[in-house]
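In what follows, every chain begins at residue 1, and chains take the letters A, B, ... in the order their sequences are listed. Heavy-atom basis, side chains included; hydrogens, waters and symmetry copies ignored.
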Number of protein chains: 2
Amino acid sequence: MVTLAEVAQHAGVSASTVSYVLSGKRSISASTRQRVEQSIRELGYHPNAGARALAGKRSNIIALMIPLRTDMYVPVMMEIAIAVATTARTHGYDVLLLTGEEGPDAVRRVTGSGLADAMILMDVELEDERLPLLRETDQPCVLIGLPADTTGLTCVDLDWTATGALCVEHLAQLGHRDVAVIGEAPAVYERHTGFAERTLDGLRSGARERGLRLLHRPCEGGYDAMALTLARIFDERPGTTGFVVQNESAVEPLLALLRQQGRAVPEDVSVVAICPDQVAVQASVRLTSVAIPAQEMGRRAVEHLVAKLGGRGSDEVVLLAPGLTVRTSSGPAPAAS
Amino acid sequence: MVTLAEVAQHAGVSASTVSYVLSGKRSISASTRQRVEQSIRELGYHPNAGARALAGKRSNIIALMIPLRTDMYVPVMMEIAIAVATTARTHGYDVLLLTGEEGPDAVRRVTGSGLADAMILMDVELEDERLPLLRETDQPCVLIGLPADTTGLTCVDLDWTATGALCVEHLAQLGHRDVAVIGEAPAVYERHTGFAERTLDGLRSGARERGLRLLHRPCEGGYDAMALTLARIFDERPGTTGFVVQNESAVEPLLALLRQQGRAVPEDVSVVAICPDQVAVQASVRLTSVAIPAQEMGRRAVEHLVAKLGGRGSDEVVLLAPGLTVRTSSGPAPAAS
DNA sequence: AGGGGCTGTCGAAGCGCTTCGACAGTCAAC
DNA sequence: GTTGACTGTCGAAGCGCTTCGACAGCCCCT
């Protein structure tokens with residue numbers, strides 16, 4: 001293992017000079033810099049991470065806490081995680097992967113040990129048990145998701161309320177009067193995940209404004225659960241012509257069932273999905289959808305964190321504006337029969 | 001921030017004693033141990049990770065390199081990643097998330113800087129450009145996936161060849177003579193990902209043994225791509241009655257298309273999928289499938305690594321035996337018309 | 001010519017921990 | 001009662017880096 005001291009000796013300078021070349025915190029003459037850089041390359045030097053963390057009081061690591069549960073749509077989480085990792089690297093940070101398993105203890109461990117300089121938390125619940133700890137610690141921290149009380153916290157999230165409203169508005173403009181919402185699995189609501197409840201709020205207030213009738217049904221993913229849910233919906237509201245789907249793993253089953261029942265999309269029934277674009281274009285019908293900007297969320301979270309670590313940036317709630325893309329799964333409501 | 005020295009002072013012992021209490025590397029009297037542990041709790045002490053890494057020459061971090069690409073089935077990768085993270089924690093390790101973006105440089109950086117004690121590589125290609133580096137370094141390392149040459153490497157993977165053979169065997173036993181394989185996206189084959197090619201080998205040699213006719217078609221995910229592929233298959237081999245699907249995102253489209261064409265599953269056509277169990281049971285037909293044991297792979301990889309780090313364990317290739325679960329998507333071949 | 005301000009480099013201290021060797025004290029064996 | 005092995009604790013060195021203050025040399029201004 002090559003050390004700073006060896007590089008210094010090789011270049012004929014002192015260790016501190018090499019350090020300053022590396023950090024750029026003091027001016028170094030061009031000739032010295034070149035000599036040092038040359039030595040670094042020749043010796044294949046990599047600064048020791050532990051020593052750096054110890055002396056510099058920063059590890060250049062960002063901790064990312066992802067949920068263990070798999071009742072949320074996994075590809076979205078993965079996309080966020082990958083966006084976090086790649087964005088972090090462009091700022092010189094590495095990413096430590098924590099699962100929800102340890103819960104609040106993980107927060108304590110990481111902040112206490114100086115393992116990470118900052119944290120990103122995913123899958124935040126409205127009353128998340130980790131929040132008190134985060135408020136106490138002075139470690140920079142960004143939530144992906146929006147808890148009930150955001151005082152003293154920085155959050156990045158899609159504006160789910162607006163998303164809900166947007167879906168309803170689109171259907172209302174097309175003349176639909178009876179709209180059903182295929183929601184996330186019941187467990188998601190039970191643990192008060194912000195995004196699900198907020199979407200529902202947006203849907204409801206949008207429906208109220210527009211005078212729509214809204215029926216909300218949580219739904220596990222999969223074909224069987226969807227079949228049951230759909231039967232109940234048409235049973236209760238036979239005139240339903242619009243669907244908003246928030247559970248990605250219910251999308252394809254819904255389309256299949258509608259087809260099977262002889263209900264044409266979009267002629268008889270319109271479907272608006274809340275899902276990543278990839279899902280929307282790969283479905284059996286190209287779906288009108290509000291995109292979940294997973295990458296953007298990951299990227300923004302890291303950039304906020306880096307700003308905070310650099311002394312810039314403050315507590316702030318960033319809500320990304322939703323965008324609805326019209327594809328071929330939505331159209332004018334059929335004339336009332 | 002609480003330091004070892006503070007704990008020592010609080011407990012009325014020397015720093016080294018506290019260290020030995022923590023590591024258990026020397027015997028400590030019960031009374032002293034209790035006093036120290038008490039102080040640790042009272043002060044809320046967490047050992048500093050950087051100092052530990054520097055002095056102890058090990059960071060207690062395992063690096064996990066996941067691919068950037070999303071042309072593989074993402075949930076499987078996620079499941080592996082989560083299994084790695086949770087298993088690592090039970091052995092006292094944290095997990096550093098590296099994306100494929102940096103490529104071989106990431107290997108150099110991590111081994112050079114002592115950031116991680118060991119590595120796990122996912123998405124290994126047959127002739128992976130990272131392998132030479134891994135063979136050089138003395139850092140323990142486990143691949144999830146199987147390169148062409150495994151000398152000096154430890155690998156964990158599903159036995160894909162056996163998986164392919166198992167699928168064919170099942171269909172052969174049911175009397176199918178013409179079998180089509182819906183493979184991964186062409187890009188997966190082009191970059192010579194081991195699992196795709198090995199599965200194909202298994203399918204082919206199985207078919208040869210059993211006297212089946214096999215038609216292999218790579219296929220992008222999604223409905224449109226599947227529609228095209230399916231049309232070509234029936235065009236070329238109208239008598240096809242068996243399908244093996246390796247691309248998870250083609251499963252549901254395939255089922256929908258078959259239904260649409262009036263081909264009943266399993267009466268007219270049998271489908272065997274290679275996918276996680278969750279996908280198999282959530283599909284619109286409960287799929288006969290060979291499971292991808294993502295969790296097991298992640299767990300085994302970490303356990304091997306931990307064994308290596310502990311001086312036990314050697315280079316070894318672990319191939320997990322595939323298991324086929326018969327559900328309702330496969331049945332006897334229809335009598336020849 | 002002399003002082004003042006820069007610029008570029010160095011030496012040394014110290015970050016918090018592990019670990020080695022030293023050394024009291026205890027106990028069993030002779 | 002001495003020896004020797006063993007147990008439990010301590011002090012000090014050192015891991016590889018960052019950073020602070022010091023300072024030599026230089027140029028420019030008066």
*Mapping A:L54 and B:A30 onto DNA chain D by nearest heavy atom, which one lands closer to the 5' end?*
B:A30

*Can you tell me if B:T111 uses its side chain to pair, donor with acceptor, with the backbone of B:R108 under 3.5 Å?*
yes

*Length of the line joining B:L115:CG and D:dC17:P, which is rounded to integer Å*: 13 Å

*Round to a whole Å and report the spacing from CG of B:N60 to P of C:dC17.*
14 Å

*Mind listing the residues from residues 14-27 of chain A sitting with a heavy atom below 4.0 Å of DNA chain C? Number order is fine.*
A:S14, A:S16, A:T17, A:Y20, A:R26, A:S27

_Going by side-chain contact (heavy atoms from CB on, under 4.5 Å), B:L143 matches just one of B:L134, B:D157, B:T154. Which one?_
B:L134

_Going by the rule side chain to side chain contact (heavy atoms under 4.5 Å, CB included), which residues pair with B:L54 if we only count those two or more places apart in sequence or in a different chain?_
A:N48, A:A51, A:L54

*Nucleotide nearest B:L4 (side chain, heavy atoms from C-beta), chosen from D:dT18, C:dT18, C:dG16*: C:dT18

*May I ask you to verify if any side-chain N or O of B:S29 is less than 4.0 angstrom from the OP1 or OP2 atom of D:dT9?*
yes

*Any luck finding a side-chain donor-acceptor pair between A:Y20 and A:R33 under 3.5 Å?*
no

*Pairs satisfying salt bridge (charged side-chain N to carboxylate O under 4.0 Å, His left out), at least one member in residues 82-95 of chain A, at least two apart*: A:R89-A:D94, A:R89-B:E102, A:D94-B:R109

_Using a 6.0 Å cut-off, check whether atom CD of A:E125 has over 12 heavy atoms from anything other than its own residue._
yes

*Over how many whole Å does the gap from B:M1 atom CE to C:dC17 atom C1' extend?*
11 Å

*Which nucleotide in the list D:dG8, C:dC10, C:dG16 gets nearest to the side chain of B:A55?*
C:dG16

_Close residues, residues 32-49 of chain B, relative to DNA chain D [heavy-atom separation under 4.0 Å]_ = B:T32

*Please determine, by modelled atom types, if A:Q38 and A:R35 share a side-chain donor-acceptor pair under 3.5 angstrom.*
no

*Taking atom types as modelled, is there a side-chain donor on B:S16 or B:S19 under 3.5 Å from an acceptor on the other?*
no

*Rounded off to whole Å, could you give me the NZ-to-P distance for the B:K57 and C:dT18 pair?*
13 Å

*Let me know the distance between CD of A:E6 and P of D:dC15, rounded to the nearest Å.*
11 Å

*Only pairs at least two apart or in different chains count here, so list each ring-ring contact (aromatic ring centres under 6.0 Å, His included) that has a residue in residues 116-160 of chain A.*
A:W160-A:F195

*With distance as the sole criterion, is a donor-acceptor pair present between the side chains of A:S29 and A:T32 under 3.5 Å?*
yes

_We want to know whether A:T90 and A:T87 form a side-chain donor-acceptor pair, criterion being a heavy-atom distance below 3.5 angstrom._
no

*To the nearest 10 degrees, what angle separates the axes at the start and end of the helix from C:dA1-D:dT30 to C:dC30-D:dG1, five pairs each?*
50°

